Amino acid sequence: MQTVTELNERFGGGAVLFGNGRNGLPVAVLQTNGCEVEVYLHGAHVTKFTKLGRPVLFLSAQSHFESGKAIRGGIPVIFPWFGPRQPDPVGQSPMHGFARVSEWAVESAAGGGDEVSLTLSLALNDLSRSMWPNEFKLTYTVTLDRDVLGLELRVTNTGAEGFAFEEALHTYLAVGDVRGVSVEGLAHTTYLDKTDNFAEKSQDAAPITITGETDRVYLGTAGTCTIEDPGAGRRIVVEKEHSEATVVWNPWVEKAKAMADFGDEEWVKMLCVETANVGRHAVTLAPGAVHGMRVGISTEAV
Ligand code: TA6
């Protein structure tokens, strides 16, 4: 892996600077006027997006920052399976795949002024080979365009066999109080309720409110979600492309207590609204083919 000095010599110097982050893990900082983003090479993990100093993303104070472990909060990159691997041919496949616990390489850094971008990549490696037989390359572009955070995950099948995969950008949004927010953009869609044995249910027309543990996979939806957060005086807009599923998650009280890398009271301050292709929307990729999923995250005052 390249040192921070080498990274700055090769890619730094513009509006992207590399440094030693938590536990000495390499981190890239992207800045535009009034906004800042931090991306760890560990998991290609966006851990921070602030606008005028205010966090848009939630990051747990209890998060791990170490090799082999996922960071809790920010935007974990989920690939090539979502949730527990089913079936699990190797028996110990990590939850949510291996991309978020892998070390990614820097491909390029560009821009300045109002638009800055960083591209990272992950290709077939010993970890992936040990649990997944396919030849692939991931490229992940993080763009800060004025005050909009843009993300694109591209999956390339570099092998001679087709393969199927699931993916998600598992975004942890920062909210004032999750009990006072509402989510719009998923009306009249179907969802699988993971708190009710994956029962298939229909979402009515009303905005979604969070009144208990919530873990839902919304299917067949390419729409924009808006998270109204009057308590924080803002709404967060999550606009996506080439994604057919949206996951909404809050662990609430008991699940929060059960997670070692999450504070007991932190469930109040976060809501995951995830951009995904999972379950019946898993992507099948022929040899040589590429699939790109995009999301843009922004805020508006209310
Ligand atoms: O995206 C929601 C979910 O799949 C939940 O079921 C919950 O497990 C969450 O992800 C967090 O998973 P993690 O492996 O990061 O603890």
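Remember, it's 1-based here, ligands and their atoms both numbered in the order they're listed. Note that the structure is predicted; figures quoted are calculated from it, not measured.
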Report the relative orientation of the aromatic rings in Phe98 and Phe79; use parallel for angles under 30°, tilted for 30 to 60°, perpendicular for over 60°.
perpendicular
The answer, listing residues by chain and number that come under 4.0 Å of ligand 1 through any heavy atom, is Arg72, Phe82, Met95, His96, Arg100, His170, Lys194, Asp215, Val247, Trp249, Glu274
Donor-acceptor pairs under 3.5 angstrom involving side-chain atoms of residues 130-137: please list them, not counting sequence neighbours.
residue: Ser130; atom: OG; partner: Leu127; partner atom: O; Å: 2.5
residue: Lys137; atom: NZ; partner: Glu107; partner atom: OE2; Å: 3.3

Contacts table for residues 292-302: side-chain donor-acceptor under 3.5 angstrom, sequence neighbours left out:
residue: Arg294; atom: NE; partner: Glu241; partner atom: OE1; Å: 3.3
residue: Arg294; atom: NH1; partner: Glu152; partner atom: OE2; Å: 2.9
residue: Arg294; atom: NH2; partner: Glu241; partner atom: OE1; Å: 2.9
residue: Thr299; atom: OG1; partner: Lys51; partner atom: NZ; Å: 3.1
residue: Glu300; atom: OE1; partner: Arg235; partner atom: NH1; Å: 2.9

Tell me which donor-acceptor pairs under 3.5 Å the side chains of residues 33-42 have, and how far apart each pair is, sequence neighbours excluded?
residue: Glu36; atom: OE1; partner: Gln31; partner atom: NE2; Å: 2.5
residue: Glu36; atom: OE2; partner: Lys48; partner atom: NZ; Å: 3.0
residue: Tyr40; atom: OH; partner: Arg22; partner atom: N; Å: 2.9
residue: His42; atom: ND1; partner: Glu103; partner atom: OE1; Å: 3.3
residue: His42; atom: ND1; partner: Glu103; partner atom: OE2; Å: 2.8
residue: His42; atom: NE2; partner: Glu66; partner atom: O; Å: 3.3
residue: His42; atom: NE2; partner: Lys69; partner atom: O; Å: 2.6

Looking only at atom types and distance, does a side-chain atom of Asp229 sit under 3.5 Å from a main-chain N or O of Val181, one as donor and one as acceptor?
no
Between Arg146 and Asp114, is the closest basic N to carboxylate O distance under 4.0 Å?
yes
